[in-house]
There are 2 protein chains.
Amino acid sequence: MATGRTHRPATRSRGIPEATVARLPLYLRALTALSERSVPTVSSEELATAAGVNSAKLRKDFSYLGSYGTRGVGYDVEYLVYQISRELGLTQDWPVVIVGIGNLGAALANYGGFASRGFRVAALIDADPAMAGKPVAGMPVQHSDELERIISDNGVSIGVIATPAGAAQQVCERLVAAGVTSILNFAPTVLSVPDGVDVRKVDLSIELQILAFHEQRKAGEEAAAEAALAAAAEREGIAEAAADGTAAHRKGPDGDVPAVMPA
Amino acid sequence: MATGRTHRPATRSRGIPEATVARLPLYLRALTALSERSVPTVSSEELATAAGVNSAKLRKDFSYLGSYGTRGVGYDVEYLVYQISRELGLTQDWPVVIVGIGNLGAALANYGGFASRGFRVAALIDADPAMAGKPVAGMPVQHSDELERIISDNGVSIGVIATPAGAAQQVCERLVAAGVTSILNFAPTVLSVPDGVDVRKVDLSIELQILAFHEQRKAGEEAAAEAALAAAAEREGIAEAAADGTAAHRKGPDGDVPAVMPA
DNA sequence: ATGTCTTTGTGAACGCGTGCACAAAGATAG
DNA sequence: CTATCTTTGTGCACGCGTTCACAAAGACAT
């Protein structure tokens, strides 16, 4: 999921595996919810279910951060919130710019999840002069001519690209040249960036396509199951049929059409 | 990245690894671009760079689909587009509902990438009665009372949840009960679903937090490098200083502030 | 037909991530 | 203080995914 050829070889950043880093925000969210309910401690089991992972995995993840639990009791919620926040770098303020204020960019600007965790939208930038000055999420949109100045004035190191695909690479280059070293890309393009710049990609249509694949497979399996049933029904009297799963494949009255999908 | 406890144990769907499936849409996009430029064939090398992956990986991925290339020449673009589309199930029409027409839902409804590939937005659904009838992306928003009817009338099997976190689980349950078996979740919650239902999650703030982690680490490394340099400069004359990296930690005029991060 | 050159397809090795299962650690009760 | 019970932290094994490196396959020239 990460990016198009970014992320150093096999990033084990400082002993913390990439897969673990990707789960820390999940734990943090679950912990924050517990904290708001004033729950003092949680067991790995409870927290794991709340975060939607397996408890062994959670414990191993935490073991990379240090030993913050108490055996026989569990983890101190507040303390863990602090440790994870610090590890993720959320105890400091991250100014962020959003480039491309179309439907998606506006949605992002309004998204509460950003501001809630150390992220501050420093500016909204769009190439359309007609957008300039328009307020979006209580903040005036600025023209992309200002991009370099905004980034340097605010010390922005994280940029969000929500432009059309055609503009993304160019915007990316300007961001990087101006000093941005982390990019969250919503445009459906592979960005190429110099070493040292991180890119993460969020692609809506890709996610849907993956779902479609599984959906299709489910439909196919159903059909296969039905076919297997039919074949089984038809087979009575033929005792020496192969007992293993291959029976489902070489099924049917004639031919060897695989039940799953036409080749 | 996938979901909150969905996806069967280690889904090797029909010999096609999950990781490969996740890349197919990438290849498809690159191939479509080539197709539009009427390029007849591509080598694995060219296509790999276009898709932002390594060519060996690409070839192995394609090998799971069958042998669609010609040695010494490469892959036929059109043929490959067709094969991948078919494998992903994009040759058929997938009606989709979007639930929760806030900023994000509207952005999704307007997102061209959906319609372009077999996906058809069958309905926009929102719980707010004031939204009902309002046109978004040229389509009237319908009230959530209609949810079950819409799904069954249109044979919808894929649902997109773009509601606030609090409503997501309930919406999810209604979708599943009505027959939806694949869900794309944009709400920042762990959805729990029965077996046989696929959930994929897209979480904007999580991606940002992962970036923040790497950003912080970069800053830390820079600081460490500077500290090491400073230490080296300061060390001239003191020949017996420890030669290993620990020098960077016990640095500075006084105190022992670790250069990387306060423990 | 033969040889050369290009590019695919894949066997094999390696490394990361996951999950099991258990020993160590601490709480708690008697 | 001892015993018991809970829950963490982790060694270990296994499987998936990635990458290398090369043989097989075909195109193309002669």
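Residue numbers start from 1 in every chain, and the chains themselves are labelled A, B, ... in the order their sequence lines are given, proteins ahead of strands. None of these values were measured; they are calculated from a predicted model. Scope of the values below: all heavy atoms of this structure, side chains included, with no hydrogens, waters or symmetry mates.
When the shell of 6.0 Å around CD of Q170(B) is examined, it contains 12 or fewer heavy atoms from other residues, nucleotides or ligands.
Nearest-nucleotide positions on DNA chain C for G66(B) and N54(A) put G66(B) closer to the 5' end.
Residue-level contact check: Y75(B) touches the backbone only, with heavy atoms under 4.0 Å from sugar-phosphate atoms and none from bases.
In this structure, Y68(B) has its ring center closer than 6.0 angstrom to the ring center of Y79(B).
When V171(B), I158(B), L191(B) are each tested for a side chain to side chain contact (heavy atoms under 4.5 Å, CB included) with I183(B), only one passes: L191(B). Checking D61(A), L58(A), L28(A) one by one against R23(A), the side chain to side chain contact (heavy atoms under 4.5 Å, CB included) holds for a single residue, D61(A).
Atom pair Y64(B):OH and dT10(C):P shows a separation of 10 Å (rounding to whole Å applied). For the pair E18(A) CD and dG17(D) C1', the computed distance is 16 Å after rounding to whole Å. Summarising the geometry, the separation between CZ on R23(A) and C1' on dG17(C) is reported as 8 Å, rounded to the nearest angstrom. Atom CG in L58(B) sits roughly 16 Å away from atom P in dG17(D) (whole-Å rounding). The CZ atom of F62(A) sits 12 Å away from the C1' atom of dT8(D) (whole-angstrom rounding).
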Per-nucleotide protein contact along nucleotides 21-30 of chain C, 5' to 3', at a 4.0 Å heavy-atom cut-off (B base, S sugar-phosphate only, - neither), is B--BB-S---

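Remark: N185(A) CG to K201(A) NZ distance equals 7.5 Å, nearest 0.5 Å. Note that OH of Y111(A) and CG of L104(A) are 12.5 Å apart. Values are rounded to the nearest 0.5 Å.
With hydrogens and angles ignored, no donor-acceptor pair under 3.5 angstrom links the side chain of K60(B) to the base of dT18(D).
By the side-chain contact (heavy atoms from CB on, under 4.5 Å) test, T41(A) is found to be paired with V73(A), residues two or more places apart in sequence or in another chain being considered.
Side-chain polar atoms of E87(A) and Q83(A) form no donor-acceptor pair below 3.5 angstrom. Side-chain N/O atoms of D198(A) and S182(A) include no donor and acceptor closer than 3.5 Å.
Relative to the side chain of K57(B), the nucleotides dG9(D), dT18(D), dC12(D) differ in distance, and dT18(D) lies closest. Closest to the side chain of A19(A), from the set dG17(D), dG17(C), dT18(D), is dG17(C).
Within residues 36-45 of chain B, no residue has any heavy atom closer than 4.0 Å to DNA chain D.
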